[in-house]
Amino acid sequence: MTTRREFLKQATAAGILTATSFQLTHASKATAPARAAPTPRRAGVVQTVLGPLDASELGFTLTHEHIGGWTSDFSRKWPESFGGRAGFVARAVDKLKAVRAEGVSTVVDLSPYDVERDVRFFEEVSQKSGMHIVACTGQHLFPPESMIARSTEQFTEFFIKEIEQGIDDTDIKAGVIKVATRSDGVTAFEEKALRAAARASKATGVPIETHTHARRRGGEKQVEIFEAEGVSPTRVSLGHSDDTDDMDYLIGLVRRGYTLGMDHINRGLKPDAQLPWQKRAERIKQLIDTGFVDKIFLSNDSEFASSLLPEEARDEREKTNPDGMLFNTRKLIPYLKQISVSDREIHAITIDNPSRFFTRS
Ligand SMILES: [Zn+2]
């Protein structure tokens, strides 16, 4: 954890902050790195909700999670349903502190505007828990009517606005672009979002993470569009890739330079899971043995604050994966070690790969 003083020292040395912007904006803030505006576009920096952070400070990074998405915006509309906002924040902070205590220092939240994101919530829980949080711009699968009709150019403009100026009416900036396709094909609307993600990534140097339907080789359709737009594969991670064990598909994508988000391993805990979690973990080992340790991300796609779920559904989820966002550190990584993945390889996957990927290029 970087204290404010340490960060200020580093940031001043690196020319990130001016004394004035720091004093005006951050005089009252406790720990965690401070935010500076405008964001400098310089090598080695990752955009977090509290400001630009040296990539070497990211540490162990969970690359696809949902801290407050699905619920946090709604919690503003009906705070009583969460025991009030303060209670909701307190619960999230407790959970994030527990995750930090087990060695995770950064969480990437892939909840864009259509997943009820509340970026002030991220800011507050990051400050209070000490967890670095990277927020996203982009588009998931629930566009409101007002967005469906927009053009690729308008989406591009919107994504760049959230990266360069800030999300909603804040100056909290996105550090990654999230886009999604629902199935094996790409709908006309999804195509606009994918093209816009590609253009915004090229314009800003911010990378792209996607939601794919891996069992239907959905990633291949996405990368066709990214390639047509001229995005470097090194700037794209294809999420939920462990939902398939089709090694022809997976190896094909890493050979082309794409990173695979192996972020659904815990879904294999379900008693009726088609792919048990150990099998998913073994695909990771296979990718490493084929020479692609630098093309793997680990995460949990966890929604630990999803208090909006009816109680039964929530219980079911918690029963299936009681470790939540700690599944990787408690179950998956010990199992990977058991099947001979080395500490160095774990370090590469959890620390080096995210640090390289999330750095603005
Ligand atoms: Zn997700």
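When a ligand or atom number is given, it counts from 1 through the structure's own listing order.
Among the backbone and side-chain atoms of H64, an N/O/S atom is found under 2.8 Å from the Zn ion (ligand 1). In summary, H66 places an N/O/S atom under 2.8 Å from the Zn ion (ligand 1), meeting the contact criterion.
Between H264 and H64, the ring center distance fails the sub-6.0 Å criterion. Checked against a 6.0 Å centroid threshold, the rings of F226 and Y258 do not count as neighbours.
Restricting D301 to its N/O/S atoms, the shortest distance to the Zn ion (ligand 1) is reached by OD1.
Between L287 atom CG and I284 atom CD1 the span is 8.0 Å, to the nearest 0.5 Å.
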Verdict with supporting geometry, I160 and T204, side-chain contact (heavy atoms from CB on, under 4.5 Å): CA-CA 7 Å; I160 292 176; T204 62; 4.1 Å; yes
